[in-house]
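Okay, so here's the structure we're looking at.
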Amino acid sequence: MTEHRPHHVAIPATTSSILHTPETRESPPQDSPHPTAAGHPHAIAHSRASAPPAARSGAAQHPHAAAAQHPAPAHAQPSSARPTSPEFYFARTGANVDPMTGAFADIPARGHGGSMMMGGPPSPSFTTAFAEWAPAAFAESPPDSYFSLYLHTPYCSHRCNFCPFYINPIRTGFSDEYTSLLSREIDATAAVLAPAFANRPVRTVFFGGGTPSDLDRDDLAKIIRQLHDRFPISSETEITVEGRIRGFTADKAKAWADAGANRYSLGVQSTDTALRRKIGRLADRDEIRSTLAALCASGAVVIIDLIYGFPGQTPEMLVEDIRFVAEETDIHGLDLYELKQFPTSPLAKAIAAGHFPPAPDRAGRGRIYAAATEALARHGFAHFTRKHWRRSPRERSLYNRTALSPADLVPFGSGAGGRIGRFSLSQHREIARYADAVAQGQKPATTIPGAARPPKPSFRQILSLTIEECALPALHYFPEECRNTADIVLHQWAESGLLKPVNDDVLQDIQLAWRMTPAGAFWAEHLQSLLIMLSTVSHQTA
């Protein structure tokens, strides 16, 4: 039965616990051990290859550890406006201003998803051996708190032209070789951490990439079973395998579900066969239909990614994508991401060379997003988190929300990223370097120590968690020195059609003050950037 919760924000346990302790002052960005950035479904402590390091938005950032970078606001405000004045942060208003398409001036698209935990560029190494610091760091968290595992597969059978993250092509024997390395790393890491996680449950396991579904059936099944043997994984643990339509066969889906996987996430991007051909996707709509049917038949929860903002894509095309998956498949949910154009991607180069039309501008993307959100509601998909919709309560979307929290996330595999206590880890991207470290019994990662975790969550953490739930926190969670200005700005955003006040009793208990409208959700990352800028400027001038 479809679950509809259009008037209630879904609050994960991590959000609820964080919001019970208000904070009066936000530390400068560089002082936050777990900075929080707005980012894709998949973003946390270490960013993807060519994206700037993000911290705790997922990537990763994807999905993943450095202070988040936030662009200056882009609006048409008077030149006299300063970052310390409310007007600097105001949205555009007026009879002819549609908040979905014109609340702010055109700004670049930021992140469309993919693996959240892909390692970023090399950074200064912390040379102390993993076994010497990791147990104590892991023990910094409460003894009954959950943690997560992320496993990265940096291989793809084919490169899509919009993707800048392609690293290694698959080759004969790669699956056995790579999973053998993963297996050794899992054993070594579990042996180091085991004394500290006796009473700590694993909340999520995520196989990201790259393309984990390109691994051989039996190889990945063995890894899933090994994780069950080495870590405190239960029937409540969400275990996700990412993949693509082509190559994610019915026998793989069944074998991996039998081994313990209970959620499959596929990067469909579009079901329009002609558009798929243009962006480098090989499967047509019939293959999409049959593959999704096979995956749903495995008993696992199945979700897909759709992307909006491709060159030549119209609102009608995305609405048809949604109709197709709603009426002709049994998927449980979907992520809707905005295309992020990387200058190094083949697609960006093709656009620059005139082989493709330009991608839609911000207003065009807003029109596509508006049409999509209306279609999703019409077909019974509830807006569950900021970029995620679901039509079944079986779909919990735990990983993306857990990745935004300060919970420990243990990385495995070449290119993975994660965090343990106050340490951020970025695993070696070069396969040879990764293999050498594993062979020597070392954790194959660059490690960066940070400050000890503060007793209270930072404003950035609270803001990131609530924005993921399409909401904003009550004013007393803002740093004290910016509350007056923030109050003016938030009310102006409400008058502009970006926010609505929260009146639901269920939400009053956790002190959320504002819910985002569909237009607010479209501009969410920009709103987050502005509020972080406001809190930082106010702190520096206080």
Side-chain angles (χ1 to χ4, degrees), residues 9-16 18 34 36-48 51 54-64 68 110-118 146-152 202-209 212 237-243 261-267 300-307 331-338 340 381-390 392-409 411 416-419 461 463-471 516 521 524-525 528:
V9 176
I11 304 297
T14 51
T15 308
S16 178
I18 280 183
H34 297 289
T36 313
H40 124 81
H42 304 248
I44 52 194
H46 301 287
S47 71
R48 283 176 172 263
R56 234 28 85 302
S57 145
Q61 331 124 14
H62 61 22
H64 334 191
R110 299 180 63 194
H112 62 262
S115 163
M116 297 170 51
M117 293 304 304
M118 187 166 182
Y146 61 74
F147 65 104
S148 294
L149 310 177
Y150 176 81
L151 299 94
H152 193 69
V202 174
R203 191 184 196 205
T204 67
V205 177
F206 196 94
F207 289 87
T237 304
E238 179 188 87
I239 303 177
T240 303
V241 179
E242 273 191 334
N262 51 32
R263 185 171 182 265
Y264 297 135
S265 175
L266 279 80
V301 168
V302 178
I303 70 163
I304 67 168
D305 293 350
L306 293 177
I307 291 178
I331 65 167
H332 303 84
L334 64 84
D335 291 320
L336 181 61
Y337 299 131
E338 187 174 359
K340 183 173 183 179
F381 285 87
H383 198 174
F384 189 51
T385 59
R386 184 164 61 90
K387 297 182 180 180
H388 188 69
W389 283 255
R390 71 173 187 175
S392 167
R394 290 186 61 204
E395 163 53 1
R396 298 176 292 167
S397 191
L398 294 180
Y399 174 73
N400 286 346
R401 293 184 287 156
T402 300
L404 289 166
S405 78
D408 293 320
L409 194 155
R419 59 186 177 270
Q461 290 173 337
L463 181 62
S464 183
L465 286 164
T466 54
I467 281 184
E468 179 64 14
E469 308 302 329
C470 296
M516 293 178 185
E525 292 174 4
Q528 180 175 11

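Quick note: residue numbers are just sequence positions, from 1. Computation of the quantities below employed the complete heavy-atom set of this structure, encompassing side-chain atoms and omitting hydrogens, waters and symmetry-equivalent molecules.
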Check: Ile239 main-chain N/O paired with Asn262 side-chain donor or acceptor under 3.5 Å: yes

Check: His332 side chain, Val302 main-chain N or O, donor-acceptor pair, under 3.5 Å: yes

Minimum-distance pair of heavy atoms, taken over all atoms of Ala524 and Met516: CB-SD, 3.9 Å

Side-chain heavy-atom pair Ile303, Asp335 within 4.5 angstrom cut-off: yes

Contacts of type side chain to side chain donor-acceptor pair (under 3.5 Å), residue Glu395, not counting sequence neighbours: Arg263, His388

Under 3.5 Å donor-acceptor, Ser464 side chain and Gln461 backbone: no

Side-chain touch Ile307/Glu338, heavy atoms, less than 4.5 angstrom: no

Sub-4.5 Å side-chain heavy-atom contact between Leu409 and Leu149: no

Residue pair Arg203 / Thr237, side-chain heavy-atom distance below 4.5 Å: no

Residue list, side chain to side chain donor-acceptor pair (under 3.5 Å) with Ser148, at least two apart or on another chain: Thr204

Nearest non-hydrogen partners of Arg419 and Ser405, listed with the distance: NH2-O, 2.6 Å

Minimum side-chain heavy-atom gap Leu336-Trp389 below 4.5 Å: yes

Close side-chain approach of Tyr337 and Lys387, heavy atoms under 4.5 Å: yes

Between CD on residue Gln528 and CD on residue Glu468, distance to nearest 0.5 Å: 9.5 Å

Gap between atom SG of Cys470 and atom CZ of Phe384 - 0.5 Å precision: 11.0 Å

Asp305 side chain near Leu334 side chain, heavy-atom distance below 4.5 Å: no

Rounded distance [0.5 Å steps], OG1 in Thr402 versus CG in Asp408: 12.0 Å

CG-CG distance between Leu463 and Leu404, expressed to the nearest 0.5 angstrom: 11.0 Å

Flag side-chain contact, heavy atom, 4.5 Å: Glu238 against Arg396: yes

Sequence-distant partners of Phe207, ring pair (Phe, Tyr, Trp, His ring centres under 6.0 Å), two or more places apart: none

Pair Val202-Phe147, side chain to side chain contact (heavy atoms under 4.5 Å, CB included): steps then yes or no: CA-CA 5 Å; Val202 174; Phe147 65 104; 3.5 Å; yes

